[in-house]
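All of these numbers come straight from a predicted model, not from anything done at the bench.
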Amino acid sequence: MDGAPDDGFMIRRRPWVPVVYDEEGQRRMVDAVLDRLPKALAHVRGLDLGEHARHTSVERRLGDLPAEAQADITDLVDQLELALLLTKHAGFRDQRETRLATTLYTEQDARTDSRTSSFVRYRPSRYGIAPYLWLTGAAPNARPGAVGTITNSPLPVRGLAISPSANGAAAEASVASLLTACGYADTPVRRSSIPFRD
């Protein structure tokens with residue numbers, strides 16, 4: 001995780017993990033959350049959620065707990081994140097998707113917004129304005145794991161697959177040109193073998 005104790009935010013970066021499409025695998029992830037829930041809730045019931053808590057950072061609040069409580073709550077959040085980030089309908093199983101997930105936990109106040117503005121961006125979506133994390137890599141002098149920077153750093157892209165298209169060859173050529181323009185000239189582009197149906 002990244003974010004100093006008084007920053008009012010934490011950033012969690014996960015390694016590449018395959019998406020879970022089958023119902024049994026998804027059930028195991030949900031069970032892992034439910035199995036940890038009673039113990040974590042017992043610790044949360046003991047928290048002081050008064051005025052002090054509203055003005056204390058997420059990380060410091062967790063740090064005030066006994067080590068066992070910290071471990072239980074962190075483990076619960078970890079399993080909950082996995083269930084939310086890696087579950088996808090079985091109809092998409094042919095995508096064989098692997099995800100690199102970065103999650104921002106933040107206090108909702110102006111002070112936090114000013115500290116995350118270098119890497120939180122906004123885009124229009126069908127649901128309204130959607131925030132997203134701008135993954136740029138860390139500046140050379142940043143603390144380990146930091147993402148709060150505007151210094152560009154290449155992502156570890158090993159290849160790119162494009163979905164079925166009526167104009168497959170043209171789509172492949174334009175994606176290859178885009179990769180070259182963005183500094184990924186040697187990155188292979190593969191067209192989907194799934195037949196295109198309009």
Side-chain angles (χ1 to χ4, degrees), residues 1-21 25-44 46-47 49 53-88 95 97-123 125 127 129-158:
M1 293 207 185
D2 184 39
D6 292 320
D7 283 347
F9 70 89
M10 292 188 298
I11 293 174
R12 175 81 178 276
R13 293 206 260 185
R14 289 185 173 276
W16 292 95
V17 185
V19 166
V20 179
Y21 300 98
Q26 293 173 359
R27 186 176 290 114
R28 282 195 300 271
M29 288 195 298
V30 172
D31 286 346
V33 174
L34 295 176
D35 289 346
R36 288 159 175 81
L37 198 54
K39 203 169 182 184
L41 285 176
H43 294 304
V44 172
L47 285 177
L49 298 178
R54 284 196 293 272
H55 298 288
T56 306
S57 71
V58 176
E59 191 175 44
R60 178 168 290 174
R61 228 176 295 168
L62 187 59
D64 287 342
L65 294 173
E68 182 187 355
Q70 289 182 44
D72 289 337
I73 292 173
T74 300
D75 193 41
L76 173 66
V77 171
D78 183 60
Q79 296 303 322
L80 183 59
E81 267 192 356
L82 280 174
L84 292 172
L85 294 171
L86 300 180
T87 298
K88 200 164 185 180
Q95 293 179 343
E97 184 179 344
T98 299
R99 291 181 176 174
L100 176 70
T102 301
T103 310
L104 172 66
Y105 295 94
T106 179
E107 304 286 339
Q108 292 300 313
D109 60 28
R111 181 178 64 94
T112 303
D113 290 346
S114 67
R115 293 178 179 179
T116 60
S117 61
S118 66
F119 53 89
V120 176
R121 302 294 173 92
Y122 299 87
R123 61 179 172 80
S125 77
Y127 304 108
I129 302 299
Y132 68 94
L133 294 180
W134 192 44
L135 301 180
T136 61
N141 59 349
R143 52 183 190 261
V147 296
T149 174
I150 56 172
T151 302
N152 288 324
S153 179
L155 294 171
V157 179
R158 293 182 296 178

| request: Search all heavy atoms of Pro131 against all heavy atoms of Val120 and return the closest pair with its distance. | output: CB-CG1, 4.3 Å
| query | CH2/Trp16 to OG1/Thr98 distance, rounded to the nearest 0.5 angstrom? | reply | 7.5 Å
| remark: side-chain contact (heavy atoms from CB on, under 4.5 Å) test vs Glu81 passes for just one of Thr103, Leu86, Val33, namely Thr103
| query | Closest heavy-atom contact between Ala40 and Asp72? | reply | CB-O, 4.3 Å
| note | Output for pair (Leu41 CG, Leu76 CG), nearest 0.5 Å, gives 7.5 Å
| said: Quick check for you: to the nearest 0.5 Å, what is the distance between Leu85 atom CG and Thr102 atom OG1? | reply: 9.5 Å
| said: Do the side chains of Arg14 and Asp78 get close enough for a salt bridge, i.e. N-O under 4.0 angstrom? | reply: yes
| note | In this structure, CD1 of Ile73 is separated from CG of Leu80 (nearest 0.5 Å) by 13.0 Å
| said: As an exercise, state the distance from CZ of Arg121 to CG of Leu133, rounded to the nearest 0.5 Å. | reply: 11.0 Å
| Looking at Lys88 and Glu97, what are the two nearest heavy atoms and their distance? | NZ-OE1, 2.6 Å
| Test item: Arg36 side-chain N/O and Gln79 main-chain N/O as donor-acceptor pair under 3.5 Å | no
| remark: dist Met29:CE -> Leu82:CG (nearest 0.5 Å) comes out at 7.0 Å
